Amino acid sequence: MTLFEKALSVRQNAHAPYSNFKVGAALRTKSGKEFVGCNVENAAYPQGTCAEAGAIAAMVAAGETGIDEIWVVANSSETVAPCGGCRQKLAEFSSPETLVVLAGVEGERERRTLGQLLPDSFSGEHLP
Ligand code: THU
């Protein structure tokens with residue numbers, strides 16, 4: 001399965017009864033392993049989590065920490081890009097060259113690098 005197919009598939013498991021907006025994400029690490037995530041909403045709205053966060057959590061739980069490429073799939077007339085919080089979460093495990101592919105349910109729409117999505121990002125290098 002391609003990363004697109006994996007993101008499309010996991011999107012079906014999204015728990016989005018409040019927004020009715022299902023999102024799937026699939027990433028490949030620098031070592032070639034692949035992880036998926038979907039958005040998981042909650043009746044206490046701020047407790048919901050994004051698809052990208054789910055994929056990142058699965059990756060870290062498996063002992064991986066470097067993202068090479070991530071696909072995000074949503075069904076929207078406007079192309080969906082990761083929210084600000086997810087851009088920061090991705091930056092923790094990415095380089096500015098990390099590829100972020102934005103897709104609809106029909107396939108790829110646009111591609112960006114994380115550096116394009118989150119320039120001048122804050123990182124652990126700024127901490128004393
Ligand atoms: N959402 C994601 O999972 N990823 C994105 O990149 C954009 C937004 C989710 C959060 C929420 O469950 C729903 O989409 C509507 O905002």
Side-chain angles (χ1 to χ4, degrees):
M1 273 174 104
T2 64
L3 284 178
F4 168 69
E5 289 167 340
K6 287 190 172 185
L8 185 67
S9 175
V10 73
R11 178 180 170 274
Q12 293 181 307
N13 295 336
H15 177 71
Y18 308 106
S19 71
N20 285 315
F21 192 75
K22 294 187 169 197
V23 184
L27 64 82
R28 190 179 56 253
T29 65
K30 293 193 181 309
S31 68
K33 296 200 177 118
E34 296 181 349
F35 299 95
V36 299
C38 57
N39 52 331
V40 182
E41 297 182 350
N42 193 283
Y45 296 165
Q47 300 305 323
T49 51
C50 286
E52 298 90 327
I56 290 169
M59 174 189 76
V60 174
E64 297 275 323
T65 54
I67 302 172
D68 226 19
E69 180 175 341
I70 181 167
W71 283 62
V72 180
V73 175
N75 187 17
S76 174
S77 52
E78 295 291 318
T79 301
V80 171
C83 76
C86 282
R87 295 178 195 202
Q88 183 66 32
K89 287 183 176 77
L90 288 167
E92 182 76 14
F93 304 105
S94 300
S95 72
E97 292 74 38
T98 293
L99 186 59
V100 182
V101 184
L102 316 177
V105 292
E106 76 289 351
E108 176 177 343
R109 290 191 184 175
E110 294 179 44
R111 31 183 74 201
R112 301 276 187 273
T113 64
L114 193 65
Q116 289 174 314
L117 292 176
L118 190 67
D120 303 324
S121 66
F122 180 77
S123 76
E125 288 175 15
H126 296 111
L127 297 172

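Every number for a ligand or one of its atoms is a count from 1 in the order of the listing. What you see is a predicted model; the values in this text were computed from it and never measured.
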- Taking atom 9 (C) of ligand 1 as the reference point, the nearest protein heavy atom with its distance: Asn39 ND2, 3.6 Å
- Looking at ligand 1, does any of its N/O atoms fall within less than 3.5 Å of an N/O of Ser19? no
- Query: Which atoms from ligand 1 have a heavy atom of Ala51 less than 4.0 Å away?
  - Reply: 2 (C), 3 (O)
- Query: Taking the side chain from Gln88 and the backbone from Gly85, do they hold a donor-acceptor pair closer than 3.5 Å?
  - Reply: no
- Message: Please list, in number order, the atoms of ligand 1 under 4.0 Å from a heavy atom of Glu41.
- Response: 11 (C), 12 (O), 13 (C)
- Item | atom 12 (O) of ligand 1 protein-contacted, heavy-atom criterion under 4.0 angstrom | yes
- Item | Non-hydrogen atom of Cys86 closer than 4.0 Å to ligand 1 | no
- Message: Give me the residue, atom name and distance of the protein heavy atom closest to atom 16 (O) of ligand 1.
- Response: Phe21 CD2, 4.8 Å
- Classify the contact between Ala81 and ligand 1 as side chain, backbone, both or neither, using a heavy-atom distance cut-off of under 4.0 Å. backbone
- Task: Considering the heavy atoms of Cys50, write down every atom of ligand 1 situated less than 4.0 Å from one of them.
- Result: 1 (N), 2 (C), 3 (O), 4 (N), 10 (C)
- For the side chain of Lys6 and the backbone of Ala26, is there at least one donor-acceptor N/O pair under 3.5 Å apart? no
- Whether Asn39 side chain and Phe21 backbone form a donor-acceptor pair below 3.5 Å: yes
- Task: Find all atoms of ligand 1 within a distance of less than 4.0 Å from any non-hydrogen atom belonging to Glu52, and give their numbers and elements.
- Result: 2 (C), 3 (O), 4 (N), 5 (C), 6 (O)
- Output for pair (Arg87 CZ, Leu118 CG), nearest 0.5 Å, gives 7.5 Å
- Message: Over 60° means perpendicular and under 30° means parallel, so tell me whether Phe122 and His126 are parallel, tilted or perpendicular.
- Response: parallel
- Proximal atoms of ligand 1 relative to Val23 (non-hydrogen, under 4.0 Å): 1 (N), 2 (C), 3 (O), 4 (N), 9 (C), 14 (O)
- Message: Tell me whether Glu5 contacts the main-chain N or O of Thr2 through its side chain, where contact means a donor paired with an acceptor under 3.5 Å.
- Response: yes
- Item | Nearest protein heavy atom with distance in Å, relative to atom 7 (C) of ligand 1 | Val80 CG1, 4.2 Å
- Message: Quick check on Ala53 - does any of its heavy atoms sit under 4.0 Å from an atom of ligand 1?
- Response: no
- Ser76 and Glu78: CA distance, side-chain angles, deciding distance, side-chain hydrogen bond (donor to acceptor under 3.5 Å, both in side chains) verdict: CA-CA 5 Å; Ser76 174; Glu78 295 291 318; over 6 Å; no
- Kindly say whether Ser19 contributes a backbone atom to a donor-acceptor pair with the side chain of Glu41 at under 3.5 angstrom? yes
- Query: Taking atom types as modelled and ignoring hydrogens, do the side chains of Glu64 and Ser31 form a donor-acceptor contact shorter than 3.5 angstrom?
  - Reply: yes
